[in-house]
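Beneath this line is the structure, given in structure tokens, with notes to follow.
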Amino acid sequence: MDQKNFIPQMIKFNQTLFNSAFEATVQIQDQVEKIGNTMMGKADWLPGESRKIYDNCVDAYKTSRSNFKSYVDEGYQQSEKLFK
């Protein structure tokens with residue numbers, strides 16, 4: 001196999017693998033968020049400040065998750081440019 005074509009194919013394969021694993025992780029995190037929202041909604045004994053803290057944590061991990069994805073995508077783009 002031609003080495004020139006092998007490395008870009010390997011990068012593309014790894015990118016596809018990462019995207020699949022990332023999307024599976026996102027689905028799990030979103031499901032856990034739904035469960036957490038249900039629990040927070042039924043916990044009348046918790047003060048309103050607790051809900052704000054929970055919402056801030058959810059927003060923070062979603063932002064971090066999005067940033068991580070964009071950094072990895074940028075890395076794959078740079079790798080593809082390097083080996084073209």
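Remember, predicted model here, so these are calculated numbers, not experimental data. Note that these values count all heavy atoms, side chains included, but never hydrogens, waters or copies made by symmetry. For reference, positions follow the sequence shown, starting with 1.
Connection of V58 to F22 is not established within any shared hydrophobic cluster, with ILVMFWY side chains joined at heavy-atom distances below 4.5 Å, either directly or through further cluster members. A continuous path of ILVMFWY side-chain contacts below 4.5 Å connects V26 to Y76, so both sit in one hydrophobic cluster. Put simply, L82 and I7 are part of the same group of oily side chains (I, L, V, M, F, W, Y) that touch within less than 4.5 Å, one to the next. In this structure, F83 is a member of the same hydrophobic cluster as V72, with clusters built from ILVMFWY side-chain heavy atoms closer than 4.5 Å.
Taking 4.0 Å as the cut-off between side-chain N and carboxylate O, K52 and D59 do not count as a salt-bridged pair.
Here CZ of F13 is found 10.5 Å from CZ of F6. Values are rounded to the nearest 0.5 Å. Separating the CD atom in Q27 from the CD atom in Q31 is a distance of 9.5 Å, to the nearest 0.5 Å. For the atom pair CD of Q15 and CE of M10, the computed distance is 13.0 Å after rounding to the nearest 0.5 Å.
Closest approach of Y61 and Q29 over heavy atoms only: OH-O, 3.3 Å. Of all heavy-atom pairs between S50 and L46, the closest is OG-CD2, 4.0 Å.
Formation of a donor-acceptor pair under 3.5 Å by the Y54 side chain with backbone atoms of E49 is not found in this model. Under a 3.5 Å cut-off, the side chain of S66 and the backbone N or O of T63 do not form any donor-acceptor pair.
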Just distance, no hydrogens or angles: give the donor-acceptor pairs under 3.5 Å from side chains in residues 34-42, sequence neighbours left out.
from, atom 1, to, atom 2, distance (Å)
N37, OD1, R51, NH2, 3.2
N37, ND2, E33, O, 3.4
T38, OG1, K34, O, 3.0

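Side-chain contact check for K62 versus R65: some heavy-atom pair is nearer than 4.5 Å.
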